[in-house]
Amino acid sequence: MTMKEHSCPTDPQSLDPAVALFHSLSDATRLAIVHRLAHGEARVADLVSGLGLAQSTVSAHVACLRDCGLVVGRPQGRQVFYSLTRPELMDLLASAETLLAATGNAVALCPNYGTTSAGSRTATRA
């Protein structure tokens, strides 16, 4: 591809959909749910047992993913089976893993978004 095909938009608002997509995936629980659903349908109860989180927490994160159009529910009797709406989501995550491997996971050391806890960052500023 040419540089022109990868040109950056000049209007920051045109990036809003991408910002919303990445924000929807920025939570570890939502990302874990997406990874689990990549292997097939699951009920909230299945996600709760697999993730070891409270039902209310999992339900809230599934609702967020559903509201963002990343997962869909299929009612069956009194149960709802959730699945990914688009397989391209897994392509995006695979590309992210490739990028992380290529950069040596440098983003994990980022002072703004890295895995260092907020408490330890605050302590170093004091």
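This structure is a prediction, so every number in the text was calculated from the model and none was measured.
- Under the 4.5 Å side-chain heavy-atom criterion for grouping Ile, Leu, Val, Met, Phe, Trp and Tyr, Leu65 is not connected to Val72 through any hydrophobic cluster.
- How far OG1 of Thr29 is from NE2 of His61: 4.0 Å, rounded to the nearest 0.5 Å.
- Here the shortest heavy-atom pairing between Thr85 and Val71 reads CG2-C, 3.5 Å.
- The local environment of NE2 in His23 is sparse, with at most 12 non-hydrogen atoms from other residues, nucleotides or ligands closer than 6.0 Å.
- Considering only residues two or more places apart in sequence or on other chains, Ser59 meets the side-chain hydrogen bond (donor to acceptor under 3.5 Å, both in side chains) condition with Gln55.
- Interatomic distance, Gln79 CD to Glu41 CD, rounded to the nearest 0.5 Å: 11.0 Å.
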Q: Kindly indicate, with the supporting measurements, whether the criterion side-chain contact (heavy atoms from CB on, under 4.5 Å) is fulfilled by Leu92 and Phe22.
A: CA-CA 10 Å; Leu92 174 66; Phe22 285 109; 4.2 Å; yes
Q.
Before you tell me yes or no, could you show the steps for Leu84 and Met90 under side-chain contact (heavy atoms from CB on, under 4.5 Å), namely the whole-Å CA-CA distance, both residues' side-chain angles and the distance that decides it to 0.1 Å?
A. CA-CA 9 Å; Leu84 298 179; Met90 295 317 300; 3.8 Å; yes
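- Atom CD of Glu88 sits in a crowded spot, with more than 12 heavy atoms from other residues, nucleotides or ligands closer than 6.0 Å.
- Note: Asp46 CG to Tyr82 OH = 11.5 Å, rounded to the nearest 0.5 Å.
- Of the candidates Leu47, Leu70, Asp27, Leu47 is the only one forming a side-chain contact (heavy atoms from CB on, under 4.5 Å) with Ile33.
- Leu89 contributes atom CG, which lies 8.0 Å from atom OG of Ser24 (distance to the nearest 0.5 angstrom).
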Q.
The test is side-chain contact (heavy atoms from CB on, under 4.5 Å); show your working for Val44 and Val80 and say whether it passes.
A. CA-CA 8 Å; Val44 167; Val80 178; over 6 Å; no
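- Annotation: side chain of Leu31 is in contact with side chain of Leu93 (closest heavy-atom distance under 4.5 Å).
- Cluster annotation: Phe81 is not connected to Leu51 through the hydrophobic network of ILVMFWY side chains, with a link wherever side-chain heavy atoms come within less than 4.5 Å.
- In the hydrophobic clustering of this structure, Val62 groups with Leu21; members are Ile, Leu, Val, Met, Phe, Trp, Tyr whose side-chain heavy atoms approach within less than 4.5 Å, directly or through other members.
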